[in-house]
Amino acid sequence: MVNTQNSLSHYDRSKVSDGTNFRIALVVSEWNEEITQALFQGAKEKLLDHNVLDENIVRIDVPGSFELIYGASIAQLTDFNAIIAIGCIIKGETRHFEFISNAVAQGIKDLNLNGKAPVVFCVLTDENIEQSRARSGGNKGNKGIEAAVTALRMINL
Ligand code: DLZ
């Protein structure tokens, strides 16, 4: 069941900064590309909607979700105001899912503790592709949109 109270899909626009002067990196994993592309589109459209300039939205592609940590760490070294890490990890037959999901969550947490720009966690960790589709533009919204709102809110903390 969706908890609409915790969903950022319905948010208070007045709490979100104007993005005119912001530069934001979107680090995008190529694994499960159908999903990560939809998350990227959702995030980018929401950033544009809050006046972030197209040229200030920079996409950095990485091979898989595990590489989001390094990609985001490189982005933190430059002049980005926020970074959004976009990935989709789907459970398979082995324990790969747990190792990658935990590593990515821990790695991004560490970047938030040590780096100069916030890194937003936009990584789906799903049982199957249907769950991922539902959360990347389907009946459970688009987590890319929510990540964009989170990034804009974190910049001015
Ligand atoms: C290897 C792997 C597997 C099995 N599954 C996924 C996945 O569901 N989602 C994802 O983003 N990446 C997956 N990967 C790739 C790893 O994230 C990583 O790219 C490789 O282990 C190389 O470091």
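All values below were derived from every heavy atom in this structure, side-chain atoms included, with hydrogens, water molecules and symmetry-related copies excluded. Every number for a ligand or one of its atoms is a count from 1 in the order of the listing. In this chain, numbering begins with 1 at the start of the sequence shown. Not measured: the values here are computed from a predicted model.
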Shortest protein contact, [atom] (heavy atom only):
| atom | result |
| --- | --- |
| atom 9 (N) of ligand 1 | Cys88 O, 2.8 Å |
| atom 1 (C) of ligand 1 | His96 NE2, 3.4 Å |
| atom 23 (O) of ligand 1 | Glu67 OE2, 2.5 Å |
| atom 17 (O) of ligand 1 | Phe66 N, 3.1 Å |

Query raised in the report: Can you check whether Ile90 has an N/O within less than 3.5 Å of an N/O in ligand 1?
Result: yes
**Report entry** Polar contact flag for Ile100 and ligand 1 (N/O pairs, less than 3.5 Å)
**Finding:** no
Query raised in the report: Ser29 heavy atoms, cut-off 4.0 Å: which ligand 1 atoms fall inside?
Result: 11 (O)
Query raised in the report: Considering only heavy atoms of Asn32, which atoms of ligand 1 have at least one such atom less than 4.0 Å away?
Result: 7 (C), 8 (O), 9 (N)
**Report entry** Modelled atom types, side-chain donor and acceptor of Asn142 and Ser136, under 3.5 Å
**Finding:** no
Report task. Could you tell me whether the side chains of Asn156 and Ser17 share a donor-acceptor contact shorter than 3.5 Å? Result -> yes
Query raised in the report: Under a heavy-atom criterion of less than 4.0 Å, does Gly87 contact ligand 1?
Result: no
Query raised in the report: Below 4.0 Å from any atom of ligand 1, is there a heavy atom belonging to Gly92?
Result: no
Shortest non-hydrogen separation from [X] to [Y] and the atoms involved:
| X | Y | answer |
| --- | --- | --- |
| Ile86 | Thr36 | CG2-O, 3.8 Å |
| Gly42 | Ile145 | O-CG1, 3.6 Å |
| Ala72 | Leu111 | CB-CD1, 3.6 Å |
| Arg59 | Phe40 | NH1-CD2, 3.2 Å |
| Ala117 | Gln76 | O-NE2, 2.7 Å |

Requested in this report: Using the salt bridge (charged side-chain N to carboxylate O under 4.0 Å, His left out) rule, take Glu34 and Arg133 through it: C-alpha gap first, then chi angles, then the decisive distance, then the call.
Outcome: CA-CA 9 Å; Glu34 166 201 339; Arg133 287 184 180 132; 2.6 Å; yes
Query raised in the report: Which of these, Phe97, Tyr70, Trp31, has its nearest heavy atom closest to atom 10 (C) of ligand 1?
Result: Trp31
Query raised in the report: Any idea which part of Ser65 is under 4.0 Å from ligand 1, heavy-atom wise: side chain, backbone, both or neither?
Result: both
